[in-house]
Number of protein chains: 2
Amino acid sequence: MARAALSSKAVVGLALEIVDESGPAALTLAAVAARAGVAPPSLYKHVRNLAELRVLVSGQVMEEFAEHGNAAVLGRSGDDALRALMRAWRAYVVRNPHRYAAILQSPEPATAAIAERLVDILLAALRAYDLEGSQAIHAARCMRAAAHGFAVLETGGAFQLPEDLDESYELLIDMVIAGLRREPPRS
Amino acid sequence: MARAALSSKAVVGLALEIVDESGPAALTLAAVAARAGVAPPSLYKHVRNLAELRVLVSGQVMEEFAEHGNAAVLGRSGDDALRALMRAWRAYVVRNPHRYAAILQSPEPATAAIAERLVDILLAALRAYDLEGSQAIHAARCMRAAAHGFAVLETGGAFQLPEDLDESYELLIDMVIAGLRREPPRS
DNA sequence: CTTGAAAGCTAATGTCATTAGCCAGCGATG
DNA sequence: CATCGCTGGCTAATGACATTAGCTTTCAAG
C-alpha cells in the first residue's frame, strides 16, 4: 500500500466534523476534500460516492448513539431503565443535533446490523414489562416513535412556546410508561 | 397583467405534483420548469428562489394537513376526539407520504400562522382533559411528538418487522390517552 | 396607436458530483 | 540495486442545477 494519507475511515471522520459544524446538508464531497487538503476526485479512491459516504456517516452515528443508549440502561431495569434510555436518547440529540439528523431512515443493508442492535437495546429495556412477543415489538415502536418524534421536533425548532422542554419530555416518558402498564394483551 | 400563463399558485401546484410523485428531494426548479413547459429562469418571475418555493409548498401542505385534522375532530371530544385526530394524522401521512415529508420544520415566519392553527386544533382536542395552561402545552407536544415520530419512522421505512403497523399505532394512541389521564398537575 | 410592465427567453456564471485518464511514490521481487 | 505494479493523488471534462443579467415580446390601458 502506498502513502497511507487518507482512508475511508479518515474521510468519514472529516465528514462527521462537517456534519457537526454545519449540519447534514453541508456534507458535500467538495467540503470534505477541502478539509482533507485534497482535490475532490481524490475522495473517490476511498468512498464510492456521496451517497455511500452518507451511509457510512449514518452508520457511524447510529453506532455511537446505540452505544450511548446501551450505557444508559446498564444495571437498570423496569421503569428505571426505560426512563434512563429515553433521557439518554434526548441527551444525545441535544448534544449532537446535527449528528442525529444525519442518521438515515431508509433501511440500508449496510447499517441493518446496527439498527438491529438498537432494537435489541429497546427490547431489553422493555423486558421487565412482561410483554409477549409481538406486544414487545409494538411497545418498542411506540417508544421509538415518541423519542424520535420529540427529538426531530425539538432540533427542528418546532417547539416555539416558552414552556420548559425538559418538563414536556418528562411527561412524554410518563406517558410511555403509563401506556406500558395498562397494556392489555389483546388479540 | 400580460399573458397570465403561469402564476405563483400554479408553480406551487406543479411543485406539489413533483413532490407527490418523486418526493421532496426531487423538487428542483428545473423539474418544475420542465413540467410547466418553460425555461428554468422564467420561474423567477413567480417565485423568489427554490428555498421560497419549498416554503410555499410546505405551507400549502401544512394547511391541507391541518384542515384534514380539523375535519376529523369535528363533533367529537375527549378520548374520541384524540383518537380521531391521531388516526387522521397517520391516515394523511400514509396517503401522502411525500407531501408530509415536504413539511419544513424550521419556523418560517411565513408559515407561522398555519402552524399556530395546528397547535390550536391539538389544544382543542385536549380540552376535555382539564389541563391547566402549561400542562396542555406539554401534552400537546407529547401528542405531536408521538404522531410525528411514528409518521416519520413509518414513511422512512424504519419499521421493518412484520408486526402490524395499525396495531402499533393503536397502542401509541392508547399510551397518549393513558398518559393524559394519569397526568399529575405537579409543580 | 403607443407604451410600459409583465412574463418569457437566451447567455453566462458558479457550485457540485462524477468519470476518465495521467503520474508519481513505494514496497515487493528479481 | 533496478524494476514493476499498485495505490492514491491530480487535472481535465461533463453534466445537473440554481441563479443573475439583460433582451424581447405581448397585451392591455390610455
Side-chain angles (χ1 to χ4, degrees), chain A residues 1-61 98 101-106 108 110-111, chain B residues 1-60 98 101-104 106 108 110-111:
Chain A
M1 170 176 43
R3 290 145 305 164
L6 271 186
S7 71
S8 177
K9 201 80 181 164
V11 169
V12 171
L14 293 174
L16 271 174
E17 288 181 19
I18 293 171
V19 166
D20 277 339
E21 291 170 19
S22 320
L27 176 55
T28 71
L29 288 180
V32 174
R35 191 167 292 238
V38 121
S42 303
L43 296 177
Y44 288 84
K45 289 288 160 70
H46 305 287
V47 146
R48 195 188 316 293
N49 52 33
L50 178 58
E52 195 202 47
L53 178 57
R54 290 220 185 89
V55 170
L56 291 175
V57 166
S58 172
Q60 175 96 111
V61 173
H98 290 160
I103 294 178
L104 300 176
Q105 236 61 50
S106 25
E108 294 291 336
T111 50
Chain B
M1 170 178 43
R3 290 145 305 164
L6 272 186
S7 72
S8 177
K9 201 80 180 164
V11 169
V12 171
L14 293 174
L16 272 173
E17 288 182 16
I18 293 170
V19 167
D20 277 339
E21 291 169 18
S22 321
L27 177 54
T28 72
L29 287 180
V32 174
R35 192 168 291 241
V38 123
S42 303
L43 295 178
Y44 288 84
K45 289 288 159 68
H46 303 103
V47 147
R48 193 186 319 292
N49 52 32
L50 178 58
E52 194 201 48
L53 178 56
R54 290 220 185 88
V55 169
L56 292 176
V57 165
S58 172
Q60 175 96 111
H98 290 161
I103 294 179
L104 301 175
S106 27
E108 294 291 335
T111 49

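Everything numeric here is computed off the predicted structure, so don't read it as measured data. Worth knowing before you read on, the calculation uses all heavy atoms, side chains too, and leaves out hydrogens, waters and symmetry mates. Convention: sequence-line order gives letters A, B, ...; per-chain numbering from 1.
Spacing between atom CG of B/Asn49 and atom C1' of D/dT19 amounts to 9 Å, rounded to whole angstrom units. Here D/dT26 presents its C1' atom at 15 Å from CG of B/Leu6, a figure rounded to the nearest Å. The separation between A/His46 atom NE2 and D/dC10 atom P is 9 Å, rounded to whole Å. In this structure, A/Leu53 places its CG atom 10 Å from P of C/dT18, rounding to the nearest Å. Atom NZ in A/Lys45 sits about 15 Å away from atom P in C/dG25, given to the nearest Å. One can place CZ of B/Arg48 at 11 Å from P of D/dT19, the figure rounded to the nearest angstrom. With rounding to whole Å, B/Leu43 atom CG is found 17 Å from C/dA6 atom P. Taking atom OH of residue B/Tyr44 and atom C1' of nucleotide C/dA7, one finds them 16 Å apart after rounding to whole Å.
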For A/Leu16 and A/Val61: C-alpha separation, side-chain torsions, deciding distance, then whether side-chain contact (heavy atoms from CB on, under 4.5 Å) applies. CA-CA 9 Å; A/Leu16 271 174; A/Val61 173; 3.7 Å; yes
Full working for side-chain contact (heavy atoms from CB on, under 4.5 Å) between B/Leu6 and B/Val11: CA-CA 7 Å; B/Leu6 272 186; B/Val11 169; 4.3 Å; yes
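Residue-level contact check: A/Ala30 touches the backbone only, with heavy atoms under 4.0 Å from sugar-phosphate atoms and none from bases. Counting non-hydrogen atoms under 4.0 angstrom, B/Thr28 reaches the backbone sugars and phosphates but no base.
For the pair B/Leu27 and B/Val32, the minimum side-chain heavy-atom distance is below 4.5 Å.
With D/dG9, C/dC9, D/dT11 as the choices, the nucleotide that has an atom nearest any side-chain atom of B/Ala39 turns out to be C/dC9.
Ion pair A/Glu108/A/Arg54 not flagged as a salt bridge, since none of the NZ, NE, NH1 or NH2 atoms sits closer than 4.0 Å to an Asp/Glu carboxylate oxygen.
Between B/Ser42 and C/dC9, a side-chain N or O to OP1/OP2 separation shorter than 4.0 Å is present.
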